[in-house]
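For reference, the structure discussed in these notes is given below.
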Amino acid sequence: MSKKNATDLLNRYLAGNVTKDEKALVESWYLNYSKNAQLPDIDDQQLEDSQQDGLIKLLAEIHPVPKNNRLRYLGVAAGLTGFILVSLILFKSFTSDKKQTATIKPIYTPALPPGSNKAILILSDGSSIALTNAKKGELANDKGVTINKKANGQITYTRDGVSTKQQVNAFNTVITPRGGQYQLVLSDGTKVWLNSASSLKYPVTFIGNKREIELSGEAYFEVAHNQHKPFRVISNGQVVEVLGTHFNVNAYSDEPAVKTTLLEGSVKVLSNGIIKTIKPNEQVQIMDGSMSIVQVDVTEAIAWKNGFFYFKDDDIKSVMRQLARWYNVDIKYEGQISQREFSGEISKNIDASKLLDILSLEKINYQIENKTIIIKPQ
Amino acid sequence: MPCYKIQTDQELAHRLKDSDEFAFTEIYNRYYGILYRHAYKNLADKQEIEDILHDVFVYLWHNRLAIDPAENIAAYLYTAVRNKMLNNFRHCKIKQKHILSLQSFINDHQPEADESIRLKQLIAIIETEVSQLPPKMRQVFEMSRNGNLSHQEIAEQLQISTHTVKKQVNNSLKILRLKLTRSFFLFFF
């Protein structure tokens with residue numbers, strides 16, 4: 001048997017075009033090669049992060065996006081509009097200059113469907129559950145607390161008959177990917193709406209004289225009243241303390257300011273040793289370490305929870321950050337960035353291209369490539 | 001909900017065939033760590049390893065209906081990763097190093113002709129990494145390999161009540177029985 005060429009052999013192996021002996025050769029080499037390879041140190045944290053992030057990405061990929069009928073009609077409508085547009089353009093070019101038609105490519109905009117209820121739950125032992133497709137009913141029992149999924153998708157925490165003495169501090173985390181959102185009810189009855197690209201870490205049951213949870217990203221809270229156990233939300237350099245109220249915290253690390261908006265009751269916001277108390281319709285903004293209170297329209301702050309984007313004098317980058325989180329897309333800018341500001345309310349339940357079409361009435365130029373929206377100069 | 005942690009790979013494979021995402025997640029959690037460490041040996045690029053493992057698990061999910069639960073899920077994943085690695089060797093920056101090594105192996109070594117022995121060696125090589133995993137990941141993996149634990153011991157390790165464990169084991173047995181009966185019928189009609 002003549003000596004084989006390694007490149008050729010490997011190529012044929014991967015194409016499935018090898019003899020039994022050749023297959024043995026490549027596979028034996030791989031064993032030998034792996035056995036002798038030096039493994040550099042791997043950071044435990046790096047590995048755990050990769051595993052966790054990888055799972056979110058994986059579950060997001062294998063989940064078909066649920067479509068309701070209205071969306072489907074919208075999709076058809078959008079498709080038709082696109083078809084008519086393309087036809088018009090082709091028609092126009094046919095009539096105006098026949099020579100040019102060969103070079104005209106059909107305009108194709110890939111669909112970027114809106115986000116949906118999607119999240120993973122990480123239990124206190126580190127194991128995880130994909131909440132999206134989990135069946136309703138009991139999901140798990142974590143340290144004496146039963147976790148249920150209700151018919152509307154919400155997850156709830158109910159303490160079993162265990163005495164408080166036996167309870168230990170066990171934390172759960174709910175993570176929403178980009179393009180996901182979720183609702184849950186904590187063991188004290190507090191309701192939480194978690195926006196996309198966010199996470200919430202909380203004890204399965206609140207032991208002691210306080211209720212403390214950690215938030216990254218954005219969430220709306222309806223805190224169950226308990227005068228003896230203040231409720232604290234720790235996020236991105238601030239602590240919000242309440243006894244029982246309705247408020248929204250926007251603490252995305254890629255947003256310039258952390259914003260806490262109060263709808264009902266009263267809240268205290270602590271940051272850098274300063275405490276401010278706000279009333280309903282007020283918002284605390286923390287930017288570059290300084291704190292300010294402004295009067296706001298609260299519907300703006302919680303529009304996301306009700307299925308809308310709400311823009312008010314927002315620049316293009318601020319608008320696009322919200323789109324990136326909801327449509328799970330990356331944003332790229334080409335050339336000079338428009339200084340134009342956007343105001344208005346748009347449904348979140350439409351395809352990104354539809355939404356961009358509405359925005360482009362306001363004179364922005366865009367192009368979609370795979371999962372990237374490219375903003376072009378006018 | 002059944003406790004997936006204490007299920008054997010075979011039980012998980014059965015559930016995976018039924019498109020059970022919990023079972024899929026458990027398989028992922030069980031194998032991600034050692035597959036990652038194995039891939040790191042020949043490819044010290046975090047991003048590329050993550051992409052390879054992503055593809056392997058997407059492949060597992062898309063081919064779940066074709067899985068024979070009697071087959072070894074571990075072997076299925078290990079060979080999938082091996083093939084992905086070999087494919088990566090063709091295109092990566094240090095392609096030449098891999099090719100030279102393969103060439104010298106072709107010239108000087110005798111391959112192992114028995115396929116089942118090669119598979120055993122692959123399993124051994126990949127699973128030596130178990131001891132190096134972060135403690136929690138290691139526990140998840142080892143639990144699945146230890147078939148001799150009593151329900152009480154499993155409960156202690158996982159800190160859940162024995163009653164729940166028994167119920168969960170019974171539930172999974174019921175499902176298995178149900179499946180057997182179903183295929184039995186298929187056989188006769």
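Every chain is numbered from 1, with letters handed out A, B, ... down the list of sequences.
Neither the backbone nor the side chain of Gln45(A) comes within contact range of chain B, judged by heavy atoms closer than 4.5 Å. Only the backbone of Ser124(A) comes within contact range of chain B, judged by heavy atoms closer than 4.5 Å. Heavy atoms of Leu31(A) lying under 4.5 Å from chain B belong to its backbone as well as its side chain. In this structure, chain A has a heavy atom under 4.5 Å from the side chain of Asp51(B), while its backbone stays farther away. Only the side chain of Glu50(B) comes within contact range of chain A, judged by heavy atoms closer than 4.5 Å. Heavy atoms closer than 4.5 Å to chain B are found nowhere in Asp142(A), neither backbone nor side chain. Proximity to chain A (any heavy atom under 4.5 Å) is shown, for Gln110(B), by neither the backbone nor the side chain. Heavy atoms of Leu122(B) lying under 4.5 Å from chain A belong to its backbone as well as its side chain. Proximity to chain B involves both the backbone and the side chain of Gln51(A), based on heavy atoms less than 4.5 angstrom apart. Proximity to chain B is absent for every atom of Ile120(A), based on heavy atoms less than 4.5 angstrom apart.
Look at Lys20(A) and Glu115(B) and you find no salt bridge, because none of the NZ, NE, NH1 or NH2 atoms lies under 4.0 Å from a carboxylate O.
Between Glu48(A) and Tyr32(B), every side-chain heavy-atom pair lies at or beyond the 4.5 Å cut-off. Side-chain contact between Arg118(B) and Ser28(A) is present, with at least one heavy-atom pair separated by less than 4.5 Å. The side-chain heavy atoms of Ile129(A) and Thr25(B), taken from C-beta on, include no pair separated by under 4.5 Å.
Distance check, rounded to the nearest 0.5 Å: CD1 of Ile42(A) to CD of Glu129(B) gives 7.5 Å. With rounding to the nearest 0.5 Å, the separation of OH in Tyr28(B) from CG in Leu55(A) is 5.5 Å. Rounded to the nearest 0.5 Å, atoms OG1 (Thr7(A)) and CZ (Arg90(B)) are 10.5 Å apart. The line from CG of Leu47(A) to CD1 of Ile34(B) is 11.0 Å long, rounded to the nearest 0.5 Å. In this structure, CG on Leu133(B) lies 8.5 Å from CG on Asp44(A), to the nearest 0.5 angstrom. Atom CD1 of Ile125(B) is separated from atom NZ of Lys35(A) by 5.5 Å, given to the nearest 0.5 angstrom.
When the candidates Asn83(B), Leu86(B), Ile117(B) are compared by the number of heavy-atom contacts under 4.5 Å with chain A, Leu86(B) comes out ahead. Put simply, of Lys46(B), Glu112(B), His54(B), the one with the most heavy-atom pairs under 4.5 Å next to chain A is His54(B). The candidate from Ser128(A), Gly137(A), Ser50(A) with the greatest count of non-hydrogen atom pairs under 4.5 Å with chain B is Ser50(A).
When the shell of 6.0 Å around OH of Tyr59(B) is examined, it contains 12 or fewer heavy atoms from other residues, nucleotides or ligands. Counted within 6.0 Å of CG on Asp68(B), heavy atoms from surrounding residues, nucleotides or ligands total more than 12; the atom is thus considered enclosed.
Across all their heavy atoms, Phe105(B) and Leu25(A) have their closest contact at CE2-O, 3.7 Å.
Using bins of under 30°, 30° to 60° and over 60° for the plane-to-plane angle, the ring pair Tyr33(A)/His98(B) lands in the perpendicular bin.
At a cut-off of 3.5 Å, with distance as the only test, no side-chain donor of Tyr30(A) or Gln121(B) sits close to an acceptor on the other residue.
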